[in-house]
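A quick write-up on the structure given underneath.
Chain identifiers are assigned alphabetically (A, B, ...) following the order of the sequence lines, protein sequences preceding nucleic acid strands; residue numbering begins at 1 within each chain.
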Amino acid sequence: MTVRVRFAPSPTGQPHIGNIRTVVFNWLFARQHHGKFILRIEDTDRRRYAPDAVKVIKDSLRWLGLDWDEGPDIGGPYGPYVQSQRVELYREKAEELIEKGWAYRCNCTPERLERVREEQRARVETPMYDGHCRNLPPDAISPDEPHVIRLKVPREGTTTVHDSLRGDIIFENRLIDDQVLLKSDGFPTYHLAVVVDDHTMGITHIMRGDDWISSTPKRVLLYQALGWKPPIYAHVPLVLGTDGKKLSKRHGAVSIADFRKQGYLPDALFNFLTLLGWSPGEGEEQEIFSREELLERFDITHVNLASAVFSYDKLDWMNGVYIRAMSREELLQQLIPFWQQAGMIPTPVPTEVLPTLETLVPLVQERLKTLRDVVLLTDFIFNDIETPPAASLIGKKMTAEESLAALRAVHAFLGRLVDFDAETMEPQMRQLATELGLKAGQLFNIVRVATSNKKVAPPLFGCLEALGRKTTLQRLARAREVLSDWVEEERDAR
RNA sequence: GCCCCUAUCGUCUAGUCUGGUCUAGGACACAGGCCUUUCAAGCCUGCGACAAGGGUUCGAAUCCCUUUGGGGGCACCA
């Protein structure tokens with residue numbers, strides 16, 4: 001049997017990290033069994049339909065490296081892969097269910113249904129359809145008048161959902177609502193469409209969030225009614241926000257596009273997502289896994305059954321690990337769009353700024369958690385800085401006069417340095433510090449603040465090289481003036 | 001309210017099926033230290049959990065029951 005699994009999003013918005021984690025599990029499962037991974041668009045809700053959503057979904061999947069074998073754009077033997085193009089099929093099946101006595105027409109108005117629910121709530125009962133149209137004669141409601149078609153759920157007995165991770169889950173039929181299968185606009189509801197499609201598309205395994213568990217008996221009933229064999233179900237736990245609630249837009253940036261914008265790497269995110277709820281077990285302590293390793297080792301039966309809280313801490317760390325593992329050239333290419341987006345360098349990149357970027361890459365590589373961090377880390381290289389306040393230019397355990405002398409000395413020294421590069425600078429700057437009777441750190445920190453207006457920055461000499469002699473000297477001169485003025489004011493005050 | 005799922009450090013988890021090797025292991029985060037021109041990175045150390053109560057057993061994180069906690073569902077949404 002060929003494994004066939006699917007991702008069936010409804011195009012209502014951005015796919016978010018919780019859903020995508022489930023998709024990752026599906027994809028991994030399909031690929032490791034040499035099966036098919038199918039994309040199907042469930043656009044039966046015409047009110048919530050967002051035209052851009054399909055493109056966004058596809059982009060997100062592609063960015064994460066989750067390729068599909070059959071789908072709306074590429075077709076396949078079981079098409080079409082868009083539900084709105086399959087409505088005839090659902091109508092046929094709904095009519096078939098009526099004929100078999102498994103469904104019935106219902107023309108109750110939304111107002112009546114709401115009223116019934118209100119009354120039930122008032123009596124502290126579970127709100128569900130009261131069966132008003134359930135036992136009407138077959139011709140009581142004409143197919144031509146507005147109506148819905150409901151599933152005729154048995155009033156007695158139980159329905160068992162086989163979940164391959166949890167075992168049998170048993171539901172009492174009397175608590176299952178007579179679910180609408182076909183809406184009055186002629187479109188199917190999710191429950192009917194998904195069963196018809198999964199069966200006709202030959203889906204063998206369904207892995208999805210456990211928020212679906214309670215609707216599964218309705219589907220099992222539908223399979224029975226249609227005389228079909230249900231697929232194998234595996235309900236995987238939900239991903240929760242740090243507040244412990246089901247992850248949603250409320251939790252801020254949780255869409256795949258957002259992660260991309262923030263500078264997370266697809267491989268890191270993929271790795272992280274796989275480990276959210278799954279682990280290799282057996283005392284294995286490795287956490288960084290390549291896609292190939294994951295394909296080899298992932299095992300759906302090892303996923304945790306309790307929901308997992310999504311937290312950025314570990315993802316940030318893991319993303320950093322992946323960034324550090326990149327080649328410099330690769331990282332450079334990844335970083336350029338972020339510099340450009342921040343308006344720090346033009347598009348396309350002028351050849352004369354390339355050497356500056358190349359100098360910067362190794363300096364920032366082990367300091368980045370996300371690619372976007374490069375903006376804050378290197379803004380002072382590309383943008384003009386505020387002149388640092390005089391007080392910040394005074395070195396540790398030094399007087400203002402000593403600091404001023406150091407600035408003067410450095411300015412003079414860098415002005416006459418022949419090769420303005422980090423390698424040449426460093427040993428000579430160390431020597432200069434010694435000559436001034438300073439520790440290297442004392443001198444370097446003054447220079448750092450003078451040239452960046454930051455207490456914390458990437459390694460000094462590389463930064464100076466990237467900055468270039470001209471800018472470096474200008475900033476040193478400005479700092480020198482500020483400190484000099486300050487020293488004089490202090491002197492006058494005394 | 002009713003139904004369903006679930007329960008190990010703050011977080012992700014190993015261990016649970018096949019009780020003893022668990023004074024519960026790892027990772028992230030946090031704290032301290034080393035290294036060091038700042039910050040990172042790296043290395044070392046520390047902090048920190050079997051939800052509670054009953055059973056079963058010579059022995060329970062592991063099996064059973066109850067309670068409690070957490071999550072989800074109860075639409076002409078998916």
Salt bridge or not for A:Arg40 and A:Asp198, using N-O below 4.0 Å? yes
Is A:Cys108 touching bases, backbone alone, or none of the nucleic acid, heavy atoms closer than 4.0 Å? base
A:Met318 has an atom CE; how far is it from atom C1' of B:C12, in whole Å? 9 Å
Under 4.0 Å between a Lys/Arg side-chain N and an Asp/Glu carboxylate O for A:Arg117 and A:Asp130? no
Counting side-chain heavy atoms from CB outward, which of B:A14, B:G26, B:A78 is closest to A:Lys314? B:G26
Under 3.5 Å, is there a donor on one side chain and an acceptor on the other for A:Asp421 and A:Thr424? yes
Mind checking whether A:Phe289 and A:Phe298 have ring centres under 6.0 Å apart? no
Separation of the P atoms in B:G59 and B:G71, to the nearest angstrom: 37 Å
All side chain to side chain contact (heavy atoms under 4.5 Å, CB included) counterparts of A:Phe338, not counting sequence neighbours: A:Leu371, A:Arg372, A:Val374
If we take the P atom in both B:C65 and B:U6, what is their distance in whole Å? 13 Å
Proximity to the side chain of A:Glu285 - top-ranked nucleotide from B:G25, B:U11, B:C4: B:G25
Please report the distance separating the P of B:U23 from the corresponding atom of B:A60, rounded so that it comes out in whole Å. 12 Å
Check: protein-nucleotides 42-44 of chain B nitrogen or oxygen pairs below 3.5 Å:
unit_1: B:G42; atom_1: OP1; unit_2: A:Arg324; atom_2: NH1; d: 3.4

Identify which nucleotide among B:C76, B:U37, B:C5 has an atom closest to any side-chain atom of A:Arg430, counting heavy atoms from C-beta outward. B:U37
Among B:A27, B:C76, B:C77, find the nucleotide with the atom closest to the side chain of A:Val180. B:C76
Is there a side-chain contact between A:Asn304 and the phosphate of B:A7, meaning an N or O under 4.0 Å from OP1 or OP2? no
Can you tell me the distance, in whole Å, between the CH2 atom of A:Trp278 and the P atom of B:A14? 10 Å
If you check every side-chain atom of A:Arg150, which of B:A27, B:C76, B:U37 has the closest atom? B:C76
Specify the separation, in whole Å, of atom CG of A:Asp316 and atom P of B:A27. 18 Å
Is the phosphate of B:C77, meaning OP1 or OP2, less than 4.0 Å from a side-chain N or O of A:Lys183? yes
A:Val309 has a side chain; which of B:C12, B:A78, B:U37 sits nearest to it? B:C12
Counting just side-chain N and O atoms, does A:Arg117 come under 4.0 Å of either OP1 or OP2 of B:C76? yes
Which parts of residues 453-460 of chain A get close to RNA chain B, meaning a heavy atom less than 4.0 angstrom away? A:Lys455, A:Val456, A:Ala457, A:Pro458, A:Pro459, A:Leu460
Closest-nucleotide ordering on RNA chain B, the 5'-leading residue of A:Leu165 and A:Pro280: A:Leu165
Using the rule given for salt bridge (charged side-chain N to carboxylate O under 4.0 Å, His left out), can you reason through A:Arg291 versus A:Asp267, listing the C-alpha separation, both sets of side-chain angles and the distance that settles it, and then say yes or no? CA-CA 8 Å; A:Arg291 223 164 263 255; A:Asp267 284 348; 3.0 Å; yes
C1' atom, B:C47 versus B:C39: distance in rounded Å? 25 Å
Testing B:C2, B:C4, B:C5 for proximity to the side chain of A:Arg166, the answer is B:C5
Which base, if any, makes a Watson-Crick or G-U wobble pair with B:C2, both distances under 3.5 Å? B:G73
Report, as a single string ordered 5' to 3', how protein heavy atoms within less than 4.0 Å touch nucleotides 62-74 of chain B: B base, S sugar-phosphate only, - not at all. ---------SSSB
Please measure how far the C1' atom in B:U67 lies from the corresponding atom in B:G48, and state the result in whole Å. 27 Å
Looking for any heavy atom pair under 4.0 Å, which part of the strands does A:Phe461 touch: base, sugar-phosphate only, or nothing? base
Relative to the 5' end of RNA chain B, which residue comes earlier, A:Ile213 or A:Val124, by the nucleotide with the nearest heavy atom? A:Val124
Considering every strand and a 4.0 Å limit on heavy-atom distances, what is the contact class for A:Gly277: base, sugar-phosphate, or nothing? sugar-phosphate
Could you measure between the two C1' atoms, the one in B:U18 and the one in B:G1, and give it in whole Å? 42 Å
Would you say the ring centers of A:Tyr190 and A:Trp212 fall short of 6.0 Å from each other? yes
Can you pull the ring-ring contact (aromatic ring centres under 6.0 Å, His included) pairs that have at least one residue in residues 153-172 of chain A, sequence neighbours excluded? none
Between B:C3 atom C1' and A:Gln120 atom CD, what is the distance in whole Å? 15 Å
As a test of reading the structure: which of B:U11, B:C76, B:C5 is closest to the side chain of A:Ser311, going by heavy atoms? B:U11
How many Å lie between CG on A:Asp313 and C1' on B:C9, as a whole number? 15 Å
Test of understanding: with side chain to side chain donor-acceptor pair (under 3.5 Å), list the residues that count as partners of A:Thr200, not counting sequence neighbours. A:Arg86
Gap between atoms CZ and P, on A:Phe289 and B:C12 respectively (whole Å): 18 Å
On a whole-Å scale, what distance lies between the C1' atoms belonging to B:U21 and B:G15? 12 Å
Can you identify which nucleotide, out of B:A78, B:C3, B:U13, has its nearest atom closest to the A:Leu175 side chain? B:C3
Taking all non-hydrogen atoms of both residues into account, name the closest pair between A:Ala406 and A:Leu436 and its distance. CA-CD1, 4.1 Å
Could you name each residue pair satisfying salt bridge (Lys or Arg N to Asp or Glu O under 4.0 Å) that touches residues 207-218 of chain A, not counting sequence neighbours? A:Arg166-A:Asp210, A:Asp211-A:Lys246
Using ring pair (Phe, Tyr, Trp, His ring centres under 6.0 Å) as the criterion, list what pairs up with A:Phe7, not counting sequence neighbours. none
Could you give the CZ-to-P distance, from A:Arg219 to B:A78, as a whole number of Å? 12 Å
Sorted by number, the residues of residues 10-22 of chain A with heavy-atom contact under 4.0 Å to RNA chain B: A:Ser10
Between C1' of B:U13 and CG of A:Leu273, the distance in whole Å: 16 Å
Quick one: list whatever passes ring pair (Phe, Tyr, Trp, His ring centres under 6.0 Å) with A:Phe380, sequence neighbours left out. none
Residue list, ring pair (Phe, Tyr, Trp, His ring centres under 6.0 Å) with A:His147, at least two apart or on another chain: none
Electrostatic pair A:Asp45-A:Arg48, nearest N-O below 4.0 angstrom: yes
Using the test ring pair (Phe, Tyr, Trp, His ring centres under 6.0 Å), find all partners of A:Phe272 that sit at least two apart in sequence or belong to another chain. A:Phe310
Any salt bridge between A:Arg91 and A:Glu95, counting N to O under 4.0 Å? no
C1' spacing across the pair B:C3 / B:C22, given as an integer number of angstrom: 38 Å
